[in-house]
Amino acid sequence: MSSGLSERLEAIQREVARELERAADLSEIEAIRVRTLGRKGLLTTEAKSIGKLAAEDRPAAGDLINQFKSELESTIAERERALGESVLARRLQAEAEDVTLPGRRRGLGTRHPLTIVTEDLLAIFRRMGFDVARGPEVETTWYNFEALNIPEGHPAREEMDTIYVSDELVLRTHTSPIQIRTMEEQPPPVRVVCPGRVFRSDTPDASHSPYFHQIEGLWVEEGIAMSHLKWALTEYAREFFGSDVELRFRPSYFPFTEPSAELDLGCLFCAGEGCRVCKQTGWLELLGCGMVHPAVLEGVGYDSERYTGFAWGIGIERHAMLKYGVPDIRMFFENDLRFLQQFVGR
Amino acid sequence: MNVSFRWLSQFFDDGVLDELEPAGLAQRLADQGFLVDELRPAFDPFSGVVLGKVLDAKAHPDADRLTLCTVDAGDGSRQVVCGAPNVEVGALYGYAQVGARLPGGNKIRRAKIRGVESDGMLCSAPELGLDALGSAEGIWAIPDADEAHLGRDLREALELDDTILAIDVTSNRGDALSHLGIAREIQWITGKKMQLPRVDLTEGGRAASEQASVQVEDQEGCSRYLGRVINDVSIGPSPGWLQTRLLALDQRPINNIVDVTNYVMLEVGQPLHAFDLERISNGQIVVRRAREAERMETLDGQERVLTSETTMIADAREAVAIGGVMGGSDSEVSSSTTEIFLEGAHFDPSRVGRTARRLGLVSEASTRFSRGVDPEITGWAIDRAAEMIAQLAGGRVAPGVVGVGANAERRAADDGALTLRDQRVEALVGYAIGVSEITRALESLGFDAEDDTDGALTVTVPSWRFDVSREVDLIEEVARLTGYSRIPLEPLPAPPVAPEPTGDERRATRVRETLRAAGFDEAQTPSFVDAATLASVELLDNLVEIKNPISQSERFLRPYVFATLGGAVAYNLNRQASCVKLFELGHAFERGTEPQGVPLRERRQLAMVAAGTRGPLDWTATDQAEYDFFDLKGDVEELLTQFGLRECIVDRGARRFLHPGRQAEVTDDAGNAIGFCGELHPAVTASWGLASRVFVAELGLDALPTDSGTLTVSGVPKEPAIARDLALVVPDGETARVVVDAVRSMGLEDLDRVEVFDRYRGVQVDPGYYSLGVRLTFRTDRTLTDNEVDEQVDRLMGHLVEERGYQRR
């Protein structure tokens, strides 16, 4: 073996180690690789010189060079990897964001609270078996009154504060005309809820608006009694207001139902103790309901001996006011964004 | 209807109602269908005030305006210093003893007034909380007070300790607008019979028929008209107890005649009217229809113009009263009246109702007549009133009743008795109520129920229950008396098919969800719109006008939803909102045009209105971008895409309320117009007082499909695409749509997509031209080469240059 090869290789190795130590980026490391392992690199030069050695020394020299070569390769690769990691780490550090700055948003809109309440109520009634039907806001006096057992001159008709478009056309005062239209179109059984906007000639104040919204319901079938009415409305009230609400069915009067009832809700604000909201009575008037008047059934050609049914009408605004504590009905129609945006995500 | 607990008690034996107390009674009445809105004390509380008589009055030695009174309160005389100018020796007053507490909490103490000891105080009416009975300027001499009661507590003497029940009487129960009517309902609660007061009428002097006559020409309007004559009355204030009772029920005391008529009305529900007989020409009463445009001055001093619908009470010469509504001023009872003609009549409910509403004269009397008064109480009521007048005004009741319809026919419906089947009660109510309980309930209300052999009851309806005409009405009576709380809960039968949301519901939900995600808030705006707003948007054709609008200005139904939604946008902009994006689903209206079709067309519309910034404040942007036409178009396009409608926003429209250069028409996929989108004309926003640009869109909701149809997916391309960007210089006026269509119309074999990526106007392009950047994406079922693509682009450019005069930049 030629003397000095091992020393030269160790010198190269030491030199490479020093240079790698100093290298600041990947291109410098690449230069070191070329200088030592490249085609004209130091180790290549040594390998070429093996031919000058005695034949018996060549294998040992070759092995030695290969050993050094592989050590150098892994040293350089190791250094390259380490430097790469630190470069990435610096970049990531430089790119760090203040994540507490706001995200770029488009702004999320909301359903109107009256829509939220309507859809909640429709879902409850749909589960009970009611279909949904809609109808026109301008109705004939016949659908709005006569078909509902409210002939001309009837006190209820005069008290309804109707808004007229002509002698024969009114802005519907309730959504009950849809019930008549539905019964005209199909034989019993009829199970339908009718949401929509209705109108009364009321001067606006905190609890009145000349336009507001209702859901009226109707179920006509053989064998339907007030006990079904009580069950259906008890279910709905508990689902909407909570299972612990107090309810009271109280006799009342509507021309299109007989017997008629009002459903009162134990005051949500004072637990029945009496407060300003319930006018010290402990009760809030929730809705009107009753068994469909036989004259209404007969008017659409149903046999009122065979078929009976119940109907009810609820005010959406009132439900929304109770559920969300809205103090003034006019807020629903002002559409102040600061009001509407409170319903985002509801 | 306000009722007095004390008065109700008088219909029953002593103590019957006291067991219930007002609160208990209110509860039971509510359960029975008579909701009590309020319970309140009849009068403000005070104590220590007794009936005192002024025995002597002399001037105070040291003060001109003060009087030294000697007052007898039943237990010796005291000296009271009084500052009132109207002390009357011999009169009876409310005397507040030392220690008395007056309404408001004032306590009376022994005091020296200008050196003279005063042992209490004499009270004015307002000092006792009885403002309507006397002025604050002087002390209140209690009319007709009984000297035997000197020293008696004034609250007892005037029956002031009472509770008023404000009862919500439903409009079908005109019979319950009286203490009698409520007392009848209470019979079920107490299980005791009520009793009307006994009337012991003493008649004397000249017969009524010699002094007055009645002739009814308008029998349709007046089925019964009875009159009594009371002679030699002296008009004066009613006694204290009567005044306070009326006052507690919100009736202002007038004089002893009018007060009696009001008292009897509140007692049994029969309105009565008293005329000054000497002002009735010839004592002759004629009940007739009014002549068209006949005029008369009513006793409130107003001149009224009447129509033939009105029933008039006239004398031999002229009208003296509007039947059932209000008397005339000429025949009114005055302080000098001595002869009274007392009217008790039964007028047609709907005609009285219409007349009263038309004249704006809805009164206690007209309300009762229009809801129905028991025709069989009329005779009792005038006898009762005549007796009271004779007692209180010192008159003499002339023998006999004059009038028509003394034996008025009962309503036809009452003639035949009704049949009530107990099985039908059970079928409707949902549980069995025994025949004996049914019978007891009906009889407590004055119905007569006879048990038939075949399991049904034959029920006779009393004269005052005009609301009961068929079996179901009786079932309601039974159900409400036995109590709704007793009715069990019975689950509804499950329908064979569970309901699903309808197409309409699904469509509305999809619209709401899309627009919510786009940052639009849902609004609900009025259906009414004012003329000024409509004029500002020049939408004045085919408007639907309301006959009786709430406000004179807002008298039209909105022809478009944006017309009112715009108001909500303005509301928010005026409150410093920086980004307002609202939508509404609502109905819009126009007059129909078809000659025989509907007179009105009602459309379900979607409106969107946006103004201000594009979105919330964005710190990453150098400028906060304003919402513009292309934001609106994008929002509408995304919505339409949700419904499978693509490229449905077409050329500029010509709507006058929109910016002439920034508006487009929206169509369905068959090309039918369904709406528009655009920037509101600056003149419109200016007239709305807004500085911002406002963008609006409105679509017919029914034009959007309710279902998205079926979908079969196509494969995803595996081969890579090659894109080429072209900057085309095209003449101004050549729209992007035309350019893109020109590119597409070449039918290049491998062209997959054409998209606009840029538009440029400026120095690098000749005047009269602009540059449109178009990205062409080529793709086919094998890998394309650049050469193949370049060849197609060259072919396209050659065509565009030759045929359309475009250049490549």
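Note: hydrogens, waters and symmetry copies are ignored here, and every other heavy atom, side chains too, is used. Chain identifiers are assigned alphabetically (A, B, ...) following the order of the sequence lines, protein sequences preceding nucleic acid strands; residue numbering begins at 1 within each chain.
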For this session: Find out whether A/T140 and A/L169 are in side-chain contact, i.e. whether some heavy atom of one side chain is under 4.5 Å from a heavy atom of the other.
Result: yes

Problem set entry | Shortest non-hydrogen contact from A/V344 toward A/L108 | CG2-O, 3.9 Å

Exercise. Closest heavy-atom contact between B/F520 and B/V609?
Worked result: CE2-O, 4.0 Å

For this session: Below 4.5 Å from any heavy atom of chain B, which atoms of A/A295 appear? Answer side chain, backbone, both or neither.
Result: both

Exercise. Looking only at heavy atoms, what is the nearest atom pair of B/D37 and B/D168, with distance?
Worked result: OD2-CB, 3.8 Å

Exercise. B/S485, B/A568, B/S551, B/A523: which one forms the most heavy-atom pairs within less than 4.5 Å of chain A?
Worked result: B/A523

Exercise. Taking A/M291, A/R134, A/Q280 one by one, which has the highest count of heavy-atom pairs under 4.5 Å against chain B?
Worked result: A/R134

Exercise. Among A/E262, A/R197, A/K279, A/R248, which residue forms the greatest number of heavy-atom pairs with chain B at distances under 4.5 Å?
Worked result: A/R197

Exercise. Would a distance-only check, ignoring hydrogens and angles, find a side-chain to backbone donor-acceptor pair under 3.5 Å from A/T281 to A/W283?
Worked result: yes

Problem set entry | Minimum-distance pair of heavy atoms, taken over all atoms of A/F249 and A/T234 | CE1-OG1, 3.8 Å

Exercise. What orientation do A/F332 and A/H112 show, parallel under 30°, tilted 30 to 60°, or perpendicular over 60°?
Worked result: tilted

Exercise. In terms of heavy-atom proximity below 4.5 Å to chain A, should B/N548 be classed as side chain, backbone, both, or neither?
Worked result: both

Exercise. Under a 4.5 Å heavy-atom cut-off, does chain B meet the side chain of A/D167, its backbone, both or neither?
Worked result: both

For this session: Look at B/P488, B/A577, B/G586, B/G615 and state which one has the largest set of heavy-atom pairs under 4.5 Å with chain A.
Result: B/P488

For this session: Count the heavy-atom pairs under 4.5 Å between each of A/P259, A/S227, A/G196 and chain B, then report the option with the highest count.
Result: A/S227

Exercise. Given a strict heavy-atom distance threshold of 4.5 Å, which part of A/E305 is in contact with chain B: side chain, backbone, both, or neither?
Worked result: both

Problem set entry | Heavy-atom contact with chain A under 4.5 Å, split by part of B/E477 | neither

Problem set entry | Between A/L122, A/V165, A/D131, the one whose heavy-atom pairs under 4.5 Å with chain B are most numerous | A/V165

Exercise. Quick one: are the ring centres of A/Y211 and B/F528 less than 6.0 Å apart?
Worked result: yes

Exercise. With only heavy atoms counted, which part of B/Q524 is less than 4.5 Å from chain A, the side chain, the backbone, both or neither?
Worked result: both

Exercise. Relative to chain A, which of B/R371, B/R480, B/R512, B/R424 shows the most heavy atom pairs under 4.5 Å?
Worked result: B/R424

Exercise. Given a strict heavy-atom distance threshold of 4.5 Å, which part of A/R330 is in contact with chain B: side chain, backbone, both, or neither?
Worked result: neither

Seminar exercise, completed: Of A/M226, A/E137, A/R250, the largest count of non-hydrogen pairs under 4.5 angstrom with chain B goes to A/E137

Exercise. When only pairs under 4.5 Å are counted, which of B/G353, B/S171, B/P491 shares the most heavy-atom pairs with chain A?
Worked result: B/P491

Exercise. Using a cut-off of under 4.5 Å for heavy-atom pairs, which of A/Q341, A/M128, A/E334 has the most such pairs with chain B?
Worked result: A/E334

Seminar exercise, completed: Scanning both residues in full, the closest heavy-atom pair of A/I178 with A/G135 reads CD1-N, 3.4 Å

Exercise. Hey, are B/R357 and B/S370 close enough side-chain-wise for a donor-acceptor pair under 3.5 Å?
Worked result: no

For this session: Give the member of B/A30, B/A479, B/A26, B/P349 that has the highest number of heavy-atom pairs under 4.5 Å with chain A.
Result: B/A30

Exercise. Top residue by heavy-atom pair count (under 4.5 Å) with chain A, among B/V544, B/L582, B/T170, B/I487?
Worked result: B/I487

Seminar exercise, completed: If one checks every heavy atom of A/S252 against chain B at 4.5 Å, the contacting part turns out to be both

Exercise. Is the cationic atom of B/R575 (NZ for Lys, CZ for Arg) positioned less than 6.0 Å from the six-membered ring centroid of B/Y571 and within 45 degrees of its normal?
Worked result: yes

Problem set entry | Shortest non-hydrogen separation from A/E221 to A/Y307 and the atoms involved | C-CD2, 4.0 Å

Exercise. Where does A/R191 contact chain B at under 4.5 Å (heavy atoms): side chain, backbone, both or neither?
Worked result: side chain

Problem set entry | Which portion of B/V478 sits near chain A, non-hydrogen atoms under 4.5 angstrom | neither

Exercise. Relative to the ring of A/F254, is the ring of A/F256 parallel (under 30°), tilted (30 to 60°) or perpendicular (over 60°)?
Worked result: parallel

